[in-house]
Amino acid sequence: ALVADGPGSLRRFVRYFGTEAGGDEARRALASRLDAQADLLEKSTLLRNLAVGESPEEQAQATLRLARLFASAGRTQEAAHYYQQLQTDYADVKVEDKLGQEWIASLPADDPVTRVLAAPAETWPVGLVESKVEAKVVANTRTYSINLGEGPSLFQPGLTFHWDQTRQAVVARDGLGRDLWQLAVQELGASRTYYVNPNLIMGKMQGHVLYLSLGHELVAVDTLGLSGAPRVLWRENLTEALPGISGRPSYGIRTRQVRQPWGTRKFYAADAYGRPLGTLGPVTDSYVCFQRGKEVLALDPLTGEVLWKRSGLEAGSTIFGDDELVFVAGPSETTAKVFRASDGQQLGTRRIPAADRIMTSLGRRLLTWNFSGKTIVKLEDPWKSEDVWRMEFDAGSRGYYIDNQGLAVLERDGHFVVMTLPDGKLEINSQLEVDPALNDMYVMRTPEQYLLLTDLSEDEIAERRRR
């Protein structure tokens, strides 16, 4: 692969042997052969993999290459992020002829990256608010947040994605709520005559690629774009035609809501015939996994090329995994089939909790709850059949999952904790005053604080009104 012309042989080597010895050497060689402009997305993906290498020197070198790559592409925000990372994470690591902490100071004063690093952080204005009334017609728009699970962006922590139901578009916004770009549903595929149900939209962000499940279709969006504007990399239909019927699949998407006994609601999509639609599974730099009907497929993250697929699996399965393993279990099954992520070879089976006991997956690990006199929350590793950590709470406690970044638990005596994920460390451990008739809770997270909302059951409210 190293002596062959062009990047093709190296791409294949990285795909099949990227986790073996020589994988990082092949990534470095492939990244060197790619163009900084035309292949910006692929090149940055390779360097991000190298930036989590075995030694601090290798990590720092890849971080410097990322900073230079984005600077040469005119992406100053991303370049500034990596120069800042050199200064903070690799301050005393020698990178080429300088220490990590010396690279920012070596940039020219008029360099665009220097100006970004020197600019004061934008914050919401404070102080007296002055208002005025204008005779202006404002379009009625409805927007819904898209839950991405893990943090959406390394470079813009405040970046969020939303579904604009009126414009039928995906909208990216900065930390101050300003629109950065939008992609209408017509741009995500062919002309459509239906509306997307926002409750069914699920997203995952890997590097600079946003993967969106719209209920009927899976779409990969390059947020860097060739000219700074987002573009669709590929899309896959999540529905399947009935046997013997040709033509386009039905788009009569139905919403199925499942209320978990402990935690939050989950929404699922079904087609016009009541069959569960495709499920978006693990997303890594090596593959994107999803289910269509009774098939589970793994695609190349950047091209959408099918790497492998397995048939005969139950529709509506739970799918989770990481760079090495993919777990698949039917909706009512507690035994998951385990496949090798690189080629889809089945490696065996493992026991997992029932679906209503699983709050979410974190790679190959599952965040679960159970009740055995007390409420038990734990992060477990099904492959090793062991608990990573576990915590116990009083019976009647309520929990709320805050993306892949935290889990909040409120006990009836007012003990409130927020655990960071995946390590389970306590970020908040406080005693609050709460109504002992607590029914449920909701937690909102902002960069500065958490907002906790609680409620009572309808029966309790009616009883208190009668008193």
Exercise. Should R351 and T334 be marked as a side-chain hydrogen bond (donor to acceptor under 3.5 Å, both in side chains) after you check the CA-CA gap, both sets of side-chain angles, and the distance that decides it?
Worked result: CA-CA 6 Å; R351 296 282 295 176; T334 56; 3.2 Å; yes
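In this structure, a donor-acceptor pair under 3.5 Å is present between the side chains of W163 and Q165. For D164 and T143, the side-chain atoms include no donor-acceptor pair closer than 3.5 Å. Side-chain contact, T114 with D111: no donor N or O sits under 3.5 Å from an acceptor N or O. Side chain to side chain, E380 and T368 meet the donor-acceptor criterion of an N or O pair below 3.5 Å.
In this structure, Y90 has no ring-ring contact (aromatic ring centres under 6.0 Å, His included) partners at least two apart in sequence or on a different chain. Take R310 and apply the side-chain contact (heavy atoms from CB on, under 4.5 Å) test, not counting sequence neighbours, and it matches W308, L313, F339.
Once rounded to the nearest 0.5 Å, the distance linking CD of E314 with CD of E333 reads 5.0 Å. The distance from atom CZ of R15 to atom CG of L307, rounded to the nearest 0.5 Å, is 5.0 Å. Here D89 contributes atom CG and Q101 contributes atom CD; the two are 12.5 Å apart, rounded to the nearest 0.5 Å.
You'll find the side chain of Q346 stays beyond 4.5 Å of the side chain of R340, heavy atoms only. Looking only at side-chain heavy atoms (C-beta outward), L210 and D222 stay at 4.5 Å or farther from each other. At least one side-chain heavy atom of P301 sits under 4.5 Å from a side-chain heavy atom of Y211. Side-chain contact check for F320 versus P382: some heavy-atom pair is nearer than 4.5 Å. Between Y83 and V113 the shortest side-chain heavy-atom distance falls below 4.5 Å.
For CZ of R365, the number of neighbouring non-hydrogen atoms (other residues, nucleotides, ligands) closer than 6.0 Å is 12 at most. Around atom CD of E54, no more than 12 heavy atoms belonging to other residues, nucleotides or ligands sit under 6.0 Å away.
Counting all heavy atoms, side chain and backbone alike, I352 lies closest to A329 at CD1-CB, 3.5 Å. Closest approach of L325 and Y287 over heavy atoms only: O-OH, 3.8 Å.
Salt bridge annotation for K43-D39: absent, with no cationic side-chain nitrogen under 4.0 angstrom from a carboxylate oxygen.
Relative ring orientation between F327 and W383 is described as perpendicular, the plane-to-plane angle rising above 60° on a 0-90° scale split at 30° and 60°.
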